[in-house]
J.: 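Take a look at this one; I'll ask things after.
None of the values given here were measured: they were computed from a predicted structure.
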Amino acid sequence: MELPQPRGPMSATLVDALAGPPRHLMLQPAVTTAGDPLADEDLQLTLHIGYELHYRGFDGVDDGWEWQPSRLALHQAAERCFEAALRDLVPMPDAVPAAEVPRALTAIMAADDGPQLSKYLTGRATIEQFREFVMHRSVYHQREADPHTWAIPRLGGRAKAALVEIQADEYGGGRTERMHAELFRATMRELGLDDTYGAYLPDAPAVTLAINNLMSLFGLNRRLLGAILGHLAIYEMTSSLPNRRYGNGLRRLGYGEDATRFYDEHVEADAVHEQVAAHDLCGAYCAEAAPEQSSLVLWGAACGLALDARFAAHLLDRWAAGESSLRGQVASRGREVAGALGA
């Protein structure tokens, strides 16, 4: 993956620096945002680039940048701004007894009244809109399990065993062709999209990057361990029905098993994972290791749903206006490709 084009002074400073050898950043722009930090293109891209250095990195970027102190200082300043906005958006829930954590997660799920993007995709979306949705989601699904895997070495006992059980399924049980990220790449190919890792990062708006940055914020900061567990739990608990709808949406548009396998796999797998995540992961973590962490677990879950709701609203609003939900030139490129496919 190549470095993306900057979207403001912070990301410009970072991209310019990463093009050369690791060194001290003499000048760093102040971390400012034009309004909502969760929708600020410069801030969210800066964070995403910084987090990616802990994943696969970028072509031509020296690995020494991962832990370069002044680069980390810029990243941490942006991260503090991001986390403060999250705490403003989602108040910290009250702590509950460990035995009540699964029930509290279910209550958060039941209270979610975000836009029903999956209903639109299953019944009304055009092929061009569905392709846009897949482009957005590729930023996450191409490294699907990785943000949550950071939590494994930080756990012990039942919680660690539960997380390993979930992640083993995400990684295909050791079979490359069954890895969820590989199944998603097959969906991308069936839709005529570029399945290269990070291909659509330049086209992903801040609302999409924020979802991915949330996972990395939680996963890479040990003080937020409870939040990444709650985030994973709510994702598993809310996954089966939307994925069934996504698969049905593609079948409505004329696509077969090779395109829908990723979504069909999640219908079955996540129905099992939701019980493991709520009880054996989050419940056991709070009961055995950190009873005071239940509020953080619930907060991580609520943050995940809140940012997903903003993402869904962005897509539906843009489509209702007859516009692309992506950034820049990809909108016209998408129409050209969709036209070539006979959409």
J.: For side chain to side chain contact (heavy atoms under 4.5 Å, CB included), just list the numbers for W299 and L86, CA-CA rounded to whole Å, side-chain angles, deciding distance to a tenth of an Å, and then say yes or no.
T.: CA-CA 10 Å; W299 183 69; L86 290 170; 4.0 Å; yes
J.: Do M1 and D59 touch side chain to side chain, with heavy atoms closer than 4.5 Å?
T.: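 Heavy-atom side-chain distance check fails, nothing below 4.5 Å.
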J.: Please report the shortest heavy-atom distance between V267 and N243, naming the atom on each side.
T.: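 The answer is CG2-C, 3.9 Å.
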J.: Is any side-chain N of the basic residue among R71 and E66 closer than 4.0 Å to the acidic one's carboxylate O?
T.: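 Result for this pair is no, no salt bridge flagged.
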J.: Can you tell me how far CG of L163 sits from CG of L229, rounded to the nearest 0.5 angstrom?
T.: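 Going from CG on L229 over to CG on L163, the span is 7.0 Å.
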J.: Can you see which heavy atom on P115 is nearest to which on L316, and at what distance?
T.: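 Looking at all heavy atoms of both residues, the closest pair is CB-CD1, 3.7 Å.
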J.: Within this structure, what is the CZ-OG1 distance for the pair R7 and T46, rounded to the nearest 0.5 Å?
T.: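 OG1 of T46 is found 9.5 Å from CZ of R7.
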J.: Closest approach of L225 and A151, non-hydrogen atoms and distance?
T.: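 Closest approach of L225 to A151: CD1-CB, 3.7 Å.
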J.: May I have the step-by-step check of side chain to side chain contact (heavy atoms under 4.5 Å, CB included) for L191 and L250, ending in yes or no?
T.: CA-CA 10 Å; L191 295 181; L250 283 175; 3.9 Å; yes
J.: Taking D195 first and then R189, would you say they form a salt bridge - that is, a charged N and a carboxylate O separated by under 4.0 Å?
T.: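 Looking at R189 together with D195, the answer is yes, because their closest N to O distance falls below 4.0 Å.
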J.: For L253, which residues count as a side-chain contact (heavy atoms from CB on, under 4.5 Å) partner, sequence neighbours excluded?
T.: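 Checked L253 against side-chain contact (heavy atoms from CB on, under 4.5 Å); matches are I127, F130, Y255.
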J.: Which pair of non-hydrogen atoms, one from T260 and one from G247, has the smallest distance, and what is that distance?
T.: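 Minimum heavy-atom contact is CG2-O, 3.6 Å.
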J.: Once side chain to side chain donor-acceptor pair (under 3.5 Å) is applied, what residue pairs with a partner in residues 221-233 remain, sequence neighbours excluded?
T.: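 For residues 221-233: E79-N221, E83-R223, H148-H231.
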J.: Enter the distance from E274:CD to H279:NE2 here, rounded to the nearest 0.5 Å.
T.: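 If we round to the nearest 0.5 Å, E274:CD and H279:NE2 are 9.0 Å apart.
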J.: Using side chain to side chain contact (heavy atoms under 4.5 Å, CB included), reason through L89 and L307 one step at a time and then give a plain yes or no.
T.: CA-CA 9 Å; L89 177 69; L307 293 195; 4.0 Å; yes
J.: Under 3.5 Å, is there a donor on one side chain and an acceptor on the other for Y120 and Q129?
T.: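 Yes - a donor-acceptor pair under 3.5 Å links their side chains.
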J.: Kindly determine whether H136 and S325 satisfy side chain to side chain donor-acceptor pair (under 3.5 Å), including the steps that lead there.
T.: CA-CA 9 Å; H136 283 284; S325 61; 2.9 Å; yes
J.: Is F311 reachable from L241 through a run of hydrophobic residues whose side-chain heavy atoms are each under 4.5 Å from the next?
T.: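 The answer is no; the residues belong to distinct hydrophobic clusters.
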J.: Indicate whether any N or O donor in one side chain lies under 3.5 Å from an N or O acceptor in the other, for N248 and T122.
T.: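 No, no side-chain donor-acceptor contact under 3.5 Å.
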J.: Kindly indicate, with the supporting measurements, whether the criterion side chain to side chain contact (heavy atoms under 4.5 Å, CB included) is fulfilled by M188 and S138.
T.: CA-CA 8 Å; M188 296 183 74; S138 69; 3.7 Å; yes
J.: Is it true that atom CZ of R252 has more than 12 heavy atoms of other residues, nucleotides or ligands lying nearer than 6.0 Å?
T.: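 More than 12 within 6.0 Å, yes.
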J.: In the structure I gave you, are the side-chain heavy atoms of L53 and L18 within less than 4.5 Å of one another anywhere?
T.: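 Yes, at least one pair of side-chain atoms sits under 4.5 Å.
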J.: Do the side chain of N213 and the main chain of Q44 share a donor and acceptor less than 3.5 angstrom apart?
T.: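 At least one qualifying donor-acceptor pair exists.
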J.: Testing R245, R244, R251 one by one against D264 for a salt bridge (charged side-chain N to carboxylate O under 4.0 Å, His left out), which residue passes?
T.: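 Answer to the salt bridge (charged side-chain N to carboxylate O under 4.0 Å, His left out) test with D264 among R245, R244, R251: R251.
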J.: Would you name the heavy atoms of G230 and A301 that are closest together and state the gap between them?
T.: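 Shortest heavy-atom contact: O-CB, 3.5 Å.
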J.: Measure the CG-CD1 distance between L305 and I234 for me, rounded to the nearest 0.5 Å.
T.: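 So the CG of L305 and the CD1 of I234 are separated by 5.0 Å.
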J.: Is the distance between the ring centroids of W319 and F133 less than 6.0 Å?
T.: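 No, the ring of W319 stays outside the 6.0 Å limit from the ring of F133, centre to centre.
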J.: Just to verify, what does Y263 make a ring pair (Phe, Tyr, Trp, His ring centres under 6.0 Å) with, not counting sequence neighbours?
T.: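 Partners of Y263 under the ring pair (Phe, Tyr, Trp, His ring centres under 6.0 Å) test: Y246.
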J.: Quick one about D169 and H273 (side-chain donor to acceptor, distance below 3.5 Å, no hydrogens or angles considered), yes or no?
T.: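 There is such a pair (donor and acceptor under 3.5 Å, judged by atom type) between the side chains of H273 and D169.
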J.: Hydrogens and angles aside, do D308 and Y235 bring a side-chain donor and acceptor to less than 3.5 Å of each other?
T.: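 Yes.
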J.: Using the ring-ring contact (aromatic ring centres under 6.0 Å, His included) rule, take H75 and W65 through it: C-alpha gap first, then chi angles, then the decisive distance, then the call.
T.: CA-CA 12 Å; H75 182 82; W65 277 112; over 10 Å; no
J.: Before giving the answer on salt bridge (Lys or Arg N to Asp or Glu O under 4.0 Å), spell out for R131 and E128 the whole-Å C-alpha distance, their side-chain angles and the decisive distance to 0.1 Å.
T.: CA-CA 5 Å; R131 292 175 74 254; E128 181 181 2; over 6 Å; no
J.: Drop me the distance from L281's CG to C286's SG, to the nearest 0.5 angstrom.
T.: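 If I round to the nearest 0.5 Å, the distance is 9.0 Å.
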J.: Would you say that P102 contacts L105 through its side chain, given a criterion of any heavy-atom pair below 4.5 Å between the two side chains?
T.: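 P102 vs L105: side chains apart.
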J.: Examine Y140 and L193 and state if one hydrophobic cluster contains both, with Ile, Leu, Val, Met, Phe, Trp and Tyr joined whenever side-chain heavy atoms are less than 4.5 Å apart.
T.: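 Result: yes, single cluster for both.
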J.: Between atom CG of L201 and atom CD of Q5, what is the distance when rounded to the nearest 0.5 Å?
T.: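 So the gap between those two atoms works out to 11.5 Å.
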J.: Treating Ile, Leu, Val, Met, Phe, Trp and Tyr as nodes and any side-chain heavy-atom pair under 4.5 angstrom as an edge, say whether M92 and I228 lie in one connected cluster.
T.: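 Same cluster: M92 reaches I228 through Ile, Leu, Val, Met, Phe, Trp or Tyr contacts under 4.5 Å.
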J.: Taking side chain as C-beta onward, heavy atoms only, is E170 less than 4.5 Å from M179?
T.: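 No, too far: nothing below the 4.5 Å cut-off.
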J.: Report the C-alpha separation of R310 and D317 in whole Å, then their side-chain angles, then the decisive distance to 0.1 Å, and conclude whether the salt bridge (Lys or Arg N to Asp or Glu O under 4.0 Å) test is met.
T.: CA-CA 10 Å; R310 291 166 63 100; D317 289 348; over 6 Å; no
J.: If you measure from the Lys or Arg side-chain nitrogens to the Asp or Glu carboxylate oxygens, is any gap between K160 and D280 under 4.0 Å?
T.: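 A salt bridge is absent here (no side-chain N lies under 4.0 Å from a carboxylate O).
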J.: Kindly work out whether a path of hydrophobic side-chain contacts (I/L/V/M/F/W/Y, heavy atoms less than 4.5 Å apart) joins V61 to L72.
T.: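 The answer is no; the residues belong to distinct hydrophobic clusters.
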J.: Between R143 and Y197, is NZ or CZ placed under 6.0 angstrom from the six-membered ring centre and within 45° of the ring axis?
T.: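 Negative - R143 is either too far from the ring of Y197 or too far off its axis.
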J.: May I ask you to say whether E41 pairs ionically with R327, meaning some side-chain N is under 4.0 Å from a carboxylate O?
T.: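 Between R327 and E41 there is a salt bridge, with a charged N closer than 4.0 Å to a carboxylate O.
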J.: Within a 6.0 Å radius of atom CD on E2, are there more than 12 heavy atoms belonging to other residues, nucleotides or ligands?
T.: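 Open.
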J.: Are side-chain N/O atoms of S294 and E292 paired as donor and acceptor at under 3.5 Å?
T.: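 There is no such pair between these side chains.
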J.: Looking at side-chain heavy atoms only, is the closest gap between M237 and T106 below 4.5 Å?
T.: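 M237 vs T106: side chains touch.
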J.: Restricting to non-hydrogen atoms, name the atom on H48 and the atom on L209 that form the minimum distance, rounded to 0.1 Å.
T.: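 Distance-wise, the nearest heavy atoms are ND1-CD2, 4.0 Å.
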J.: Do I49 and L25 share a hydrophobic cluster (ILVMFWY, side-chain heavy atoms under 4.5 Å, transitive)?
T.: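 Yes, it is one cluster - the side chains of I49 and L25 are joined through contacts under 4.5 Å.
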J.: Taking only Lys NZ, Arg NE, NH1 and NH2, and the carboxylate oxygens of Asp or Glu, determine whether E182 and R185 approach each other closer than 4.0 Å.
T.: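 So E182 pairs with R185 through a salt bridge.
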J.: When the ring planes of F262 and F184 are compared, do they come out parallel, tilted or perpendicular, using 30° and 60° as the limits?
T.: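 Rings of F262 and F184: perpendicular, over 60°.
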J.: Check the side chains of S324 and E132 for a donor-acceptor pair under 3.5 angstrom, ignoring hydrogens and angles.
T.: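 Result is yes, a qualifying pair exists.
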J.: Any side-chain heavy-atom pair from L121 and Q116 closer than 4.5 angstrom?
T.: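 Result no, sub-4.5 Å side-chain heavy-atom pair not found.
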J.: Decide yes or no for Y51 and N212: does some side-chain heavy atom of the first lie under 4.5 Å from some side-chain heavy atom of the second?
T.: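 When only atoms from C-beta onward are counted, N212 and Y51 do not touch, as no gap falls below 4.5 Å.
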J.: If only side-chain N and O atoms count, and only distance matters, is there a donor-acceptor pair under 3.5 Å linking H266 with S239?
T.: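 S239 vs H266: no donor-acceptor pair found between side chains.
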J.: Heavy-atom distance under 4.5 Å between the side chains of D146 and Y171, does that happen here?
T.: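 When only atoms from C-beta onward are counted, Y171 and D146 do touch, with a gap below 4.5 Å.
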